[in-house]
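The structure appears below as structure tokens.
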Amino acid sequence: MNNLAADDALRDEVRLLGGLLGEVIRAEGGQALFDQVEAVRQASIAYHRDPASHPGKRLEKLLTALPVDQAAGLAHGFALFSLLANIAEDRAGRRRARDQAEAGARPDTPEGALKRLADQGVDREAVRALLDEALISPVLTAHPSEVRRKSVIDRIAAISDLLDACDRAGDACDPAMLNEPLRRQIVILWATRLVRSQGLVVQDEIDTVVSFLDRIFLHVAPRQLAAWRRLLEAPDLQPFMRVGTWVGGDRDGNPNVDAAVLTAAFRTQARAVLNFYLDETHALGAELSLAADLAQVSPELTALADAAHDPSPHRADEPYRRALTGIYARLAATHETLGGAPPPRRAVVEGEPYPSPDAFKADLRVLHDSLVAHNGAVFADDRLNDLITAVEVFGFHMATLDLRQNSDVHERVVADLLKVADVCPDYAALDEEGRLALLAAELASPRLLFSAYADYAPETLKERAILQAAAQALAAFGPQAIRTHIVSKTDAASDLLEVYLLLKEVGLYRPEDPAACPVQAVPLFETIEDLRAARPTLERLLREPSALAVAQARGVQEVMIGYSDSNKDGSYLTSGWELHEASRALVEVTRAHGLRLQLFHGRGGTVGRGGGSAFAGVLAQPDGTVQGRIRTTEQGEVIANKYGEPEIALRNLDALTCGAVLASLGTGRDQSFTAEHGRMLSNLSARSMAAYRKLVYETEGFVDYYRAATPIAEIADLKIGSRPSSRTASPRIEDLRAIPWVFSWSQSRVMLPGWFGFGSAVQGCDMDELKAMAEAWPFFKTLVQNMEMVMAKADMTIARRYATLVPDASLAARIYGEIKAEWDRTHAAVLAVTGHDKLLGGQPELDRLIRLRMPYVEPLNHVQIELIRRRRAGDDDPRVREGILLAINGVAAGLRNSG
């Protein structure tokens, strides 16, 4: 399909869905609401074209005169327009991806990546060897930037499924027949609350993540592995895709996560994965009706069938079914043991729980080997093989769960244990070398610090209980259940040794065999200062025998780098450069110790938090920092956008894998990076950070402007996460979490974290030189492209209307003026670097998609501003609050990567 035809198809679909929504609004909300929706939409478009003209006054008059019911209805309607437009856009993206994949034009597909490598002289055996040792891990977190309720996401999926079914039917699809089921789903969507009335608890977040694991990853990850095995002709290729999660183990700043929550997370995951295995085993039992006198079987299969003691005379001569009866019984018992509840469908015989997923896989292998040996290759790649692959990938734990806590908490807990044990009266008062010496001595001693008869701070008892629960989970589910304990706010090697000391207290670290510790302490370097100190911190850590032994046993030292806080700390350009430089330094440190570096990228959805194309982002990593191993967080709205449907999920998993393979084995990526490039970026970074910090941290009144000119206060009412939006009650920017910081700037259409500082940084530079650097160096090219994308979603005209919410008009004018002046500088600089006459001039598809959805987003911004103005003026009508939240919801849905 050519671009023109694709555009026509997309516009037609948007018109179809928008037209049906219009009919629903007229029928359900009334003609008056429908007329208001249309009037505001037209006035918004006119205002955008000429803010100083008469239509601007007309828009303001329309909004100020709106009754509160109609204002809320307006926000609801436009939010649904955005959601429906997104469905059409996603489907257009899938069509485009299929067309490009069939044409062999996409290096982010397995075939395309292998072709590119072959052209560079890299054979498939090298790819197989890399993937056999690889780890590609998307890690699902509960970071609160997903504003859509699961009920809304389910309706979106239902509408998309209807349209997909029509596509599959081709000419047989009758549009008139399609309209009624579509209209039915849109009516349900119209009558569904878009915003939550109750706050989330951690179990809600666990259930949401497990629903994606169950509905998508359980099916897609084995499909992906099977496809790579076929493509590489490597049936024994080891699983390289390991899905991770933080939900239930991330207690940094979330007081609601405790030992009971960690246990509940594993039980929830176990029930889901074991239910899947039970269903598949039951289905295989229905399918494999081969009779003993009509089909040969292996002796191992006969023994497995006999061991089931299946009493049914109807299956007496059906060995595969009898064997599956026994397997099902053992799975059912495992479900009860690990899931803490009986399975939905009980077994017909008794069985012992499986001690491990390997034992379950071994039984399945008996069936598979017998079928292939006696009935041929038609059974080599079937449903049974898919189940075996799923067990290899997911085990009984389903997803690897990371632990995370702040280093300040570990320091207090260790200090408490040492003081009560009469080892050190004031651990916090020791300098770094003093701490390391004390920790090393304790790690070498078999004596435990904790006494059941002593008194400890509640925080100490809580942390110990969580680690005890972790030890129990590892004993029950095996070594893939928990692999890492991430330490937020790492700024010293002692922060990591404290974790090993706490792991020793629950038996996970043993002085006589430190290499056997199943959990690695992982530093998280988040701020600019921490990133700059990453090299000496890791060097000092790996001089400690305990930490080095754990790393050597794995061959890997994992390090997490944070995109969000480094951006909030120092600007988008500076964050990107400091992450790049820290990564280069860290790989040098690990190589010096004979280890591989495993980077864990703490990315969010927006460019300001490391968002953008995962494929391009991996390719832009410095040479030697991937080595077939990469982990990356998937947060909030990104999870549904990237993994909401099987086809999209498979494409994204393959893109991440292809990026890792090309970054590890490909040539010609970073060879053009020179010392001069490094000096230039270092200089630009310093200037960008200075401009950014001057505005955000040094401008008098900036905090007051920010809190008035964005909906940061209203965002707290969204109930989209189980943890607070600030680390403390302080109003300071430093204490605000990165997600609401970015989210609020997105809502006000400034998008400040994604571009501010670049214009000042490049002033006076040779733009031709910068343009040449962008063309030659993937890192700088990706940085500029991401910045260009976020600027295309920004709108300084609408941002100026948000500035009218600031009570002090002179403050508003002064700070908005500074932001606008930097916007103009950055806009001009980006165009000069890209060589285009408008933003996204080189990305016409993305440009069209953004322009398509903006007519539905901009009215929501105007409604949001009006309702915020009313509420802050004292209107406490709950419908005003509801309208604000609906508008926030709709803007987030329309911008897609708002958090």
Side-chain angles (χ1 to χ4, degrees), residues 48 51-52 528 566-577 606-609 683-713 731-736 738 740-765 767 783-784 786-788 790-833 839 861 865 868-869 872:
H48 181 79
I528 299 297
S566 58
N567 177 283
K568 184 165 71 74
D569 200 24
S571 86
Y572 174 60
L573 176 63
T574 301
S575 171
W577 177 240
T606 57
V607 165
R609 295 184 54 239
N683 181 49
L684 293 179
S685 170
R687 294 165 66 176
S688 176
M689 183 170 177
Y692 174 86
R693 289 195 68 86
K694 180 181 178 184
L695 173 75
V696 175
Y697 295 103
E698 299 167 16
T699 296
E700 185 179 354
F702 177 81
V703 173
D704 294 333
Y705 175 89
Y706 163 66
R707 292 195 172 273
T710 74
I712 180 63
R732 300 189 318 152
I733 301 297
E734 292 92 333
D735 297 319
L736 184 68
W741 166 254
V742 173
F743 195 97
S744 54
W745 284 117
S746 298
Q747 286 285 317
S748 62
R749 302 296 297 283
V750 180
M751 310 285 191
L752 183 141
W755 58 266
F756 195 94
F758 185 77
S760 292
V762 302
Q763 273 195 307
C765 292
M767 301 310 291
L783 186 145
V784 173
N786 284 341
M787 189 161 50
E788 185 181 18
V790 80
M791 293 183 78
K793 292 183 178 182
D795 190 312
M796 297 308 293
T797 298
I798 292 175
R800 183 167 54 198
R801 287 208 73 221
Y802 276 91
T804 66
L805 294 170
V806 180
D808 185 338
S810 63
L811 174 67
R814 175 166 58 85
I815 295 184
Y816 174 80
E818 291 182 29
I819 294 172
K820 179 63 165 60
E822 181 65 13
W823 163 270
D824 291 338
R825 287 189 289 267
T826 303
H827 183 267
V830 168
L831 295 185
V833 172
L839 294 174
N861 286 120
I865 292 165
I868 288 175
R869 196 186 310 279
R872 291 180 183 176

Within the side chain of [X], is there an N or O that forms a donor-acceptor pair under 3.5 Å with the backbone of [Y]?
X: D569; Y: I528; result: yes
X: R749; Y: M796; result: no
X: S748; Y: S744; result: yes

Determine the minimum heavy-atom distance between [X] and [Y], stating which atoms define it.
X: S685; Y: W577; answer: CB-CD1, 3.7 Å
X: M791; Y: W755; answer: CG-CB, 3.9 Å
X: A761; Y: L684; answer: O-CD2, 3.1 Å

Full working for side chain to side chain contact (heavy atoms under 4.5 Å, CB included) between L783 and Y572:
CA-CA 9 Å; L783 186 145; Y572 174 60; 3.8 Å; yes
Pairwise distance [atom1]([X]) to [atom2]([Y]) - rounded to 0.5 angstrom:
X: E700; Y: I815; atom1: CD; atom2: CD1; value: 9.0 Å
X: I819; Y: T826; atom1: CD1; atom2: OG1; value: 11.5 Å
X: T699; Y: R814; atom1: OG1; atom2: CZ; value: 7.0 Å
X: M787; Y: L839; atom1: CE; atom2: CG; value: 10.0 Å

Looking at residues at least two apart in the chain, or sitting in another chain, which of them share a salt bridge (Lys or Arg N to Asp or Glu O under 4.0 Å) with R869?
none
ring-ring contact (aromatic ring centres under 6.0 Å, His included) involving W745 - partner list, sequence neighbours excluded
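If we apply the ring-ring contact (aromatic ring centres under 6.0 Å, His included) test to W745, skipping adjacent residues, the hits are Y706, W741.
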Tell me, do [X] and [Y] make a side-chain contact under 4.5 Å, heavy atoms counted?
X: Y705; Y: D808; value: no
X: V833; Y: V762; value: no
X: D704; Y: V806; value: no
X: Y697; Y: F702; value: no

Under the side-chain hydrogen bond (donor to acceptor under 3.5 Å, both in side chains) test, residues paired with [X] that sit two or more places apart:
X: Y802; answer: N861, Q864
X: S571; answer: T574, S688
X: D824; answer: K820
X: Y816; answer: none

Quick check: are there more than 12 heavy atoms from other residues, nucleotides or ligands sitting under 6.0 Å from CD of E698?
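Correct, the count exceeds 12.
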If we ignore angles and hydrogens, is there a donor and acceptor under 3.5 Å between the side chains of S760 and E822?
yes
